[in-house]
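Being a predicted model, the structure only gives us computed values, none of them experimental. For reference, positions follow the sequence shown, starting with 1.
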Amino acid sequence: ERKDSANEVVSPAAGYARLAHNDYTTLSAPNRIRDLSKKSGEGGSYTLKDGTVIDPNEVEKLLNGRYIFINVWRNISETPIQKDPLGICASPSISDHDFIGSDLVYEDRVGQTYAVKHSDSHKWFYVSELRKNEAILLKCYDSNEHVARWTAHTSFAIPSTIGKELPPRESIETRCIAFFYDKDASVASIPTSKL
């Protein structure tokens, strides 16, 4: 727990995931688009106070085109990340069968992410001592079935840092959605083997 300037207890920020996962699934990604077209109080989540993020009249058109969910992940501390960095699985080393739907049950809705099943073929990497002026982009969903569609990721402990007194990781993640016009969809369709 931490205290603010008036010495009152402030709720801590959400912790980071300790299990390999991907933030969206073939069910939850289109549902998020639909949620963003609903007003708050009408079943929408993460919506504007006086309206919707996505025009309800555009939802089906957007869902029938190509769209991508991208997470922008970065360090927000002046100190480079030394503890519990973000690990990312290289796309060519992971199979679609390694992603398992996992329900997230909330008071007002049920969401879904993918948990990741272990495989010796997975190749993991991370950015050593990520600095505040650097960012990592994670493609967490792609509606195009012919490219790498998900990015397995998790925090992890670097063995050489276990037991050492290091500053805690301070990071932030912003989620974005990119919608493609028909003429642009094929430009970004690169075979998975090339990614």
Side-chain angles (χ1 to χ4, degrees), residues 13-33 65-77 79-104 111-162 164 166-180 184-195:
Y16 35 85
R18 296 268 185 201
L19 299 172
H21 69 286
N22 182 72
D23 297 348
Y24 291 98
T25 69
T26 55
L27 295 175
S28 65
N31 283 343
R32 178 52 48 123
I33 303 294
R66 185 178 184 198
Y67 58 98
I68 298 174
F69 282 77
I70 302 163
N71 289 5
V72 181
W73 190 92
R74 66 180 285 250
N75 174 13
I76 58 172
S77 171
T79 305
I81 292 176
Q82 300 169 49
K83 183 177 183 179
D84 303 322
L86 180 70
I88 303 162
C89 189
S91 177
S93 75
I94 193 166
S95 164
D96 285 352
H97 301 291
D98 295 337
F99 292 93
I100 302 164
S102 178
D103 287 346
L104 299 172
Q112 191 176 72
T113 62
Y114 280 130
V116 177
K117 179 173 57 172
H118 169 78
S119 171
D120 288 339
S121 68
H122 294 170
K123 292 185 178 12
W124 289 85
F125 65 94
Y126 74 101
V127 177
S128 179
E129 297 193 10
L130 188 78
R131 286 157 179 72
K132 189 175 182 179
N133 64 346
E134 300 172 315
I136 297 173
L137 302 180
L138 303 172
K139 181 169 66 168
C140 290
Y141 180 80
D142 193 327
S143 63
N144 182 341
E145 297 178 16
H146 305 292
V147 297
R149 301 183 73 193
W150 303 286
T151 304
H153 57 284
T154 186
S155 67
F156 72 100
I158 301 171
S160 63
T161 66
I162 295 174
K164 290 186 177 177
L166 295 170
R169 181 180 104 186
E170 295 181 58
S171 57
I172 191 167
E173 176 180 279
T174 301
R175 296 181 178 178
C176 309
I177 308 170
F179 294 101
F180 291 79
D184 296 330
S186 63
V187 172
S189 297
I190 303 168
T192 305
S193 61
K194 303 279 187 191
L195 296 176

Would you say that [X] contacts [Y] through its side chain, given a criterion of any heavy-atom pair below 4.5 Å between the two side chains?
X: Tyr67; Y: Pro30; result: yes
X: Cys140; Y: His153; result: yes
X: Val116; Y: Phe99; result: yes

Ignoring hydrogens and geometry beyond distance, is a side-chain donor-acceptor pair present between His122 and Asp98 at under 3.5 Å?
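Side-chain D/A pair, His122 to Asp98: present.
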Shortest non-hydrogen contact from [X] toward [Y]:
X: Ile33; Y: Phe179; value: CD1-CZ, 3.7 Å
X: Ser91; Y: Ala148; value: OG-CB, 3.0 Å
X: Ser171; Y: Ile76; value: N-CG1, 3.9 Å
X: Thr79; Y: Pro167; value: CG2-CG, 3.8 Å
X: Trp124; Y: Ala152; value: CZ3-O, 3.8 Å

Trp150 and Tyr114 aromatic ring geometry - parallel, tilted or perpendicular at 30°/60° bounds:
perpendicular
Checking the side chain of Asn22 only, and the main-chain atoms of Thr151 only, is there a donor and an acceptor separated by less than 3.5 Å?
yes
Judged by atom type as modelled, is there a donor-acceptor pair below 3.5 Å linking the side chain of Ser28 to the main-chain atoms of Thr113?
no
Contacts table for residues 125-132: side-chain donor-acceptor under 3.5 angstrom, sequence neighbours left out:
| unit_1 | atom_1 | unit_2 | atom_2 | d |
| --- | --- | --- | --- | --- |
| Arg131 | NH1 | Glu129 | O | 2.6 |
| Lys132 | NZ | Glu78 | OE2 | 2.8 |

Within the supplied structure, the quantity of interest is the number of heavy atoms (other residues, nucleotides, ligands) at a distance under 6.0 Å from Leu19 CG; does it exceed 12?
no
Looking at NZ of Lys164 and CD of Gln82, how far apart are the two atoms once the value is rounded to the nearest 0.5 Å?
9.5 Å
Just how far is it from atom CG of Asp96 to atom OG1 of Thr26, taken to the nearest 0.5 Å?
10.0 Å
